[in-house]
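Being a predicted model, the structure only gives us computed values, none of them experimental.
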Amino acid sequence: MMNASTGRRSGGSGRLRAASTALCLFAGALTATVAGASPAAALTPPVSLTADDLTTWQTNGIVWSMAATDGVVYAGGTFSTVRPPDAAAGTSEEPAVNFAAFDAATGVPTGCDLSFTLSSGTATVRALALSPDGETLYAGGRFGAVNGVGVSNIVAVDTATCTPRQDFKISVSATVRALDVTADTVYLAGDFTSVGGRTRSSFAAVTTGADLLPWTANADEVARAVQVTPDGQHVALGGDFFTVNGTTSHALAVVDATTGALTRSYPGFIPNTSTVQDLTTDATGLYTANEGTGGGVFDGRIAIDLDDYQQRWRDTCLGATQAVLVHSGVLYSGSHAHDCSSMGGFADQPRRHLLAQSVDDPTLLPWFPDTNDGIGEPVGPRVMTQTDKGGRHYLWVGGEFTTVNGGGQQGLTRFADGPDTGAPWVPNVSLSTVTPGQIDVNWQTSFDTDDGELTYRIYKDGASTPVHTVTGYSLFWDRPQLKWTDTDVAVGETHSYRITASDGTNTSAKSPAQSATVAASTQAYPARVLSDGASLYWRYDEGTSTFAADTTGGLDNGFLRNAPAYRQTPAAIAGSSTAIGFDGASEYAYSNKRHTQPTRFSVETWIKTTTTRGGKVIGFGNLSMQNSTRYDKQVYMANNGRLVFGIYSGGYRTVTTTGAYNDGNWHHVVATQGTGGMALYVDGQLRASNFLYTSNENYPGYWRVGGDNLASWPNRPTSNFFAGQIDETAVYPTALSASTVSAHYALRTAE
């Protein structure tokens, strides 16, 4: 049985972990790796629910609890009205005092009206759970009356008549935050210290006739979740507590369903800075939703095997998980996840509030509908429930959000197992003619909110039939570059290409046509860069897109942020190539792939500027969509136009040119570090060096061009961002020799 209640903390508790609002991108384990070939198949099990939200009535406040059966969804919380899906706040509202019931298939209220009130203070419904036969709905929270009839923080409702049962009356001394129900027992969790006039600390059990049971599982802090195991023999407990029945067990415990005696304690299993907010089970597992605050927190999810209550897996996403639910082998969760990089996921992207994982593996699955944080204690989703109706399965989500998938929607939303109506993003395309007699078609894989593996079709010269079809796997934070080479061309011919992305049901529009002319001879400069072992090479020959194609076989494409100026001419290298222009304020590029520390490296690029505010030209940083917090292996320009090459090795180690290079001309810049130390070359000549420093700071990161943090570095310029043109950026896994650097510079006019 799914525990539809999720006990939640009241406002002002201060337990929510502060999440970064900045942006970052992490290229983790889920990447396409082979040019022109299908990458690894999508993870199993498949996510059967689409990410398309369905029209649903809304609340004017927070939904804290839900339960569902036979196509009816019950919602409780802290709100006073409901309104139609498209109605703005304050319009077309109907009274609904902390409770409403909805048709699962239409999202429309059923007419079951209950009013939960309190004589003083704010009433709230924090827990809802149905009896196994669906005939009784149990509600817990902080309230003193239902439809005017006095109760004490808990009530049983006859679902057939939508009226409180008069034969279920028992007093609970404080807020009930979670409930679970068997055929004869109601388990309670919350803030209370007594039930029915008898001492019960945070957990209690009563009969379905409201008689207090001797079951005792006293905890020393607030209880937030309670879940009966599928065999009915045990009860899992979650909350803030540190002891249960006097035995150390922080945030999680398993007790006997009849006596409350500890079956399994978990000392040190969850950090003291974290709590369990929700629990659910399937046939083989128990799953936790965790939230923390302060240092060393655990905010993710844990899967525990029911046969021995040992951990199956845990994820380490940061972002206050509030709700968990299992459907068809997939664990769905609500949170405001903002950093899953420690487990191969995204880093500080915009917060993601709805996630999916296999019950057997914590790796994030491709299901990314989204809400905002919303109102109150902003996390977004707070509770989930599920039910079937009319042959379709529905997942309902409640919380404090006010938008869903970018559109206005407050408090409630729902998803189903079809139809899928969302098309993938249009691919970004770039063409390369570095090699004579062929055209390389490069593209950045797209993103679809509920499909990881997409099919790409390439159309040539306006034809309606594709010339090539291939699949590729991508996620919103990891959109690898794919490549197909057209050899069915002749020297001097011009050909155009467009690409679509399809999830099997929906297909994107065709990308804008890109044209290229087949080269007759090898281009000397790029050919030398490639032959000298570049592992990343961005030529910036794209049009208006967010994509910088990597010309190497590594396919480490760049993301162009904040719309830099494309197709700048004249470029640094003679021929048909173009450069890119950065504004010195917010524009930059970063690599899709996250790299381990490069212990030996060279960075090479061309720059052209007249700035007097300096800025970072190229560097290595731990973040991608905001200013990094760890950053070195960088070349930056000081306000006076001098270039600085710096690494961090027990301190800031820099070498600086004596000349200025902000004269409005193109300059070739290469910085290397290897066994011979640090070297900075400009226009083919060694301008500064230091043989003492052969190591740099060890952290994973991204190559960034055009801007990143420069705080605390010597001769820090006014701007972190470079204002000027940049071209032909390359990164090498070795330190280039002086003769190689000189040879590259000499090839500038050899095209």
Side-chain angles (χ1 to χ4, degrees), residues 1-6 56-85 92-118 123-170 172 176 178-183 186 188 206-210 383-390 394 396 398 411-412 414:
M1 171 182 172
M2 169 62 196
N3 181 9
S5 67
T6 50
T56 308
W57 276 55
Q58 311 173 67
T59 64
N60 70 340
I62 302 173
V63 174
W64 293 102
S65 56
M66 288 195 294
T69 185
D70 295 331
V72 176
V73 174
Y74 302 96
T78 311
F79 52 85
S80 59
T81 66
V82 293
R83 65 184 188 274
S92 303
E93 293 183 330
E94 298 180 5
V97 183
N98 302 313
F99 177 87
F102 302 90
D103 184 296
T106 65
V108 174
T110 64
C112 174
D113 297 321
L114 296 171
S115 176
F116 289 74
T117 57
L118 193 64
T124 185
V125 177
R126 289 299 181 103
L128 293 171
L130 284 151
S131 60
D133 60 14
E135 294 181 358
T136 303
L137 174 69
Y138 295 89
R142 183 173 183 264
F143 48 83
V146 179
N147 287 359
V149 177
V151 293
S152 179
N153 298 319
I154 190 169
V155 68
V157 176
D158 180 86
T159 56
T161 61
C162 191
T163 57
R165 272 179 36 194
Q166 297 303 309
D167 60 344
F168 186 93
K169 290 288 183 72
I170 192 167
V172 182
V176 175
L179 296 167
D180 203 6
V181 185
T182 67
V186 181
L188 297 73
V206 301
T207 68
T208 52
V383 62
M384 294 176 163
T385 195
Q386 59 182 333
T387 188
D388 296 325
K389 187 171 184 180
Y394 294 92
W396 280 65
L412 287 167
R414 62 198 176 101

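- When all heavy atoms of Ile170 and Ile154 are compared, the closest pair comes out as O-CG2, 3.7 Å.
- Judged by distance alone, the side chain of Arg83 and the main-chain N or O of Thr59 form a donor-acceptor pair under 3.5 Å.
- Side chain of Glu135 to main chain of Ala160: no donor-acceptor pair is present (N/O by atom type, distance under 3.5 Å, no hydrogens or angles).
- Between Phe79 and Val63 the shortest side-chain heavy-atom distance falls below 4.5 Å.
- A 4.5 Å side-chain heavy-atom check between Val73 and Met66 finds at least one atom pair inside the cut-off.
- Ion pairing between a basic and an acidic side chain is recognised when a charged N comes within 4.0 Å of a carboxylate O; Asp103 and Lys389 show such pairing.
- Smallest separation of non-hydrogen atoms from Asn153 and Arg142: OD1-CA, 3.3 Å.
- Thr106 OG1 to Tyr394 OH: the interatomic distance, rounded to the nearest 0.5 Å, is 8.5 Å.
- Between the side chains of Thr56 and Arg414, at least one donor N or O sits under 3.5 Å from an acceptor N or O.
- For the pair Thr159 (side chain) and Gly134 (backbone), a donor-acceptor distance under 3.5 Å is present.
- Side-chain atoms of Val149 and Lys169, non-hydrogen and from C-beta on, do get closer than 4.5 Å to each other.
- Across Gly77 and Trp64, no two heavy atoms sit closer than the pair CA-CD1, 3.6 Å.
- For the atom pair OG1 of Thr124 and CD1 of Ile62, the computed distance is 8.0 Å after rounding to the nearest 0.5 Å.
- Partner of Phe168 under the side-chain contact (heavy atoms from CB on, under 4.5 Å) criterion, out of Val206, Val151, Thr207, Thr208: Val206 alone.
- Shown here for Leu128 and Ala139, the closest heavy-atom pair between the two residues is CD2-CB, 3.5 Å.
- When all heavy atoms of Ala101 and Cys112 are compared, the pair lying nearest together is CB-CB, 3.8 Å.
- Closest non-hydrogen pair, Val155 versus Val146, comes out as CG1-CG2, 4.0 Å.
- Asp158 CG: more than 12 foreign heavy atoms inside a 6.0 Å radius.
- Taking the side chain as every heavy atom from C-beta outward, Leu130 and Tyr138 never approach each other to under 4.5 Å.
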Passes side chain to side chain contact (heavy atoms under 4.5 Å, CB included), Cys162 versus Asp113? Steps please. CA-CA 7 Å; Cys162 191; Asp113 297 321; 5.8 Å; no
Would Val186 and Leu179 satisfy side chain to side chain contact (heavy atoms under 4.5 Å, CB included), going step by step from the backbone distance to the final call? CA-CA 7 Å; Val186 181; Leu179 296 167; 4.1 Å; yes
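- Judged purely by distance below 3.5 Å, without hydrogens or angles, the side chains of Asn60 and Thr81 pair a donor atom with an acceptor atom.
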As a quick check of understanding, evaluate side chain to side chain contact (heavy atoms under 4.5 Å, CB included) for Val97 and Thr117, giving each step before the final call. CA-CA 7 Å; Val97 183; Thr117 57; 4.1 Å; yes
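- Contact of the Thr163 side chain with the Val157 side chain is not registered, since no non-hydrogen atoms from C-beta on lie closer than 4.5 Å.
- Taking 4.5 Å as the limit, every side-chain heavy atom of Phe99 sits out of range of all side-chain heavy atoms of Ser115.
- Centroid-to-centroid, the aromatic rings of Tyr74 and Phe102 stay 6.0 Å apart or farther.
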